[in-house]
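Worksheet for the structure shown next.
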Amino acid sequence: MAMQDDIGKRCFVESVADDIETGRLRRDHVITGDLKIPSLPTVYRSTAFRSALEASWAATLDSLGIVWEYEPETVTLPSGVRYLPDFRLPEIGAWLEVKGDGVPRVEKAIEFGKSLACDCPRFGCTCRWAGGELVLIGHPPQPFRPDYSDEYDHRPYWAKQIAGRNHGGHPRWTSTRRTSAWLGHCPACQKATWFDSPHCRACRHRLIGAHGLESGNTEIRFIRITGAALPKDDAGEEDPTPAA
Ligand SMILES: [Zn+2]
Ligand SMILES: [Zn+2]
């Protein structure tokens with residue numbers, strides 16, 4: 001898996017062991033559901049992922065120094081539906097649901113995000129995780145185009161320019177809160193995190209001028225990453241609907 005080798009500091013032996021295990025998993029993989037393109041099970045750092053896209057997100061998170069846990073627990077949503085999120089990011093109070101191209105089914109992730117959000121006013125949140133825990137949806141990499149984003153419909157030209165520059169070349173993600181989330185390094189704790197409120201998710205540092213993160217804030221060092229490429233023959237997802 002050449003896509004992983006340029007990310008992180010993996011030793012050669014570990015990488016070979018992962019490749020051997022990946023080959024074994026793919027030989028034995030039984031395609032379930034009605035997906036036209038099956039996803040490719042992939043082993044990365046001895047963890048078996050359901051798809052190459054998920055493994056590439058794990059490598060991307062490693063390159064950012066963001067601690068992750070893969071499929072840590074099945075949760076029961078308020079509607080009674082059971083849901084198995086892809087990643088928990090315990091040090092920044094966030095979750096990441098990985099989705100392939102096409103028409104991703106994101107209803108469960110959105111319901112999960114709503115159930116974890118707090119009701120505090122935006123600038124008066126006192127929760128451990130600013131705004132409550134955050135659920136992000138990770139899509140395959142593509143440049144951010146504010147011109148085509150509903151959220152930027154009524155923003156002035158210069159605001160779109162700045163937003164496009166800050167987002168340019170990122171893997172795509174969507175906050176299930178329908179607000180922007182910005183990936184950057186916190187000026188106080190130096191950790192990489194998504195910012196979607198005036199506070200750092202890791203250390204709660206209150207950002208200066210964070211009323212509009214994309215326009216007023218010069219504190220955050222925005223991170224540009226291209227993410228690992230999605231293999232053409234990988235659907236990126238296979239809904240692991242847990243048994244009720
Ligand atoms: Zn709160
Ligand atoms: Zn911080």
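Whatever order the structure lists ligands and atoms in, that order sets their numbers, starting from 1. Hydrogens, waters and symmetry mates play no part in the numbers below; they use all other heavy atoms, side chains included.
If you count the protein N, O or S atoms nearer to the Zn ion (ligand 1) than 2.8 Å, you get 4.
In this structure, the side chain of T42 does not engage the main chain of F49 through any donor-acceptor pair within 3.5 Å. A donor-acceptor pair under 3.5 Å is formed between the side chain of E54 and the backbone N or O of R50. No donor-acceptor pair under 3.5 Å is formed between the side chain of R128 and the backbone N or O of G93.
For the residue pair E97 and Y83, a side-chain donor N or O sits within less than 3.5 Å of a side-chain acceptor on the partner.
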Practice task
Evaluate the side-chain contact (heavy atoms from CB on, under 4.5 Å) criterion for residues V43 and L25: first the C-alpha distance (whole Å), next the side-chain angles of each, then the deciding distance (0.1 Å), finally the verdict.
Solution key: CA-CA 8 Å; V43 177; L25 272 182; 3.6 Å; yes

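Checked against the 6.0 Å centroid criterion, the rings of W95 and F112 qualify as a close aromatic pair.
Here the angle at the Zn ion (ligand 2) defined by SG in C189 and SG in C186 stands at 110°, rounded to 10 degrees. Here the Zn ion (ligand 2) is the vertex; the SG atom in C200 and the SG atom in C203 give an angle of 110° (to 10°).
The only member of D86, V98, D62 that meets side-chain contact (heavy atoms from CB on, under 4.5 Å) when paired with W57 is V98.
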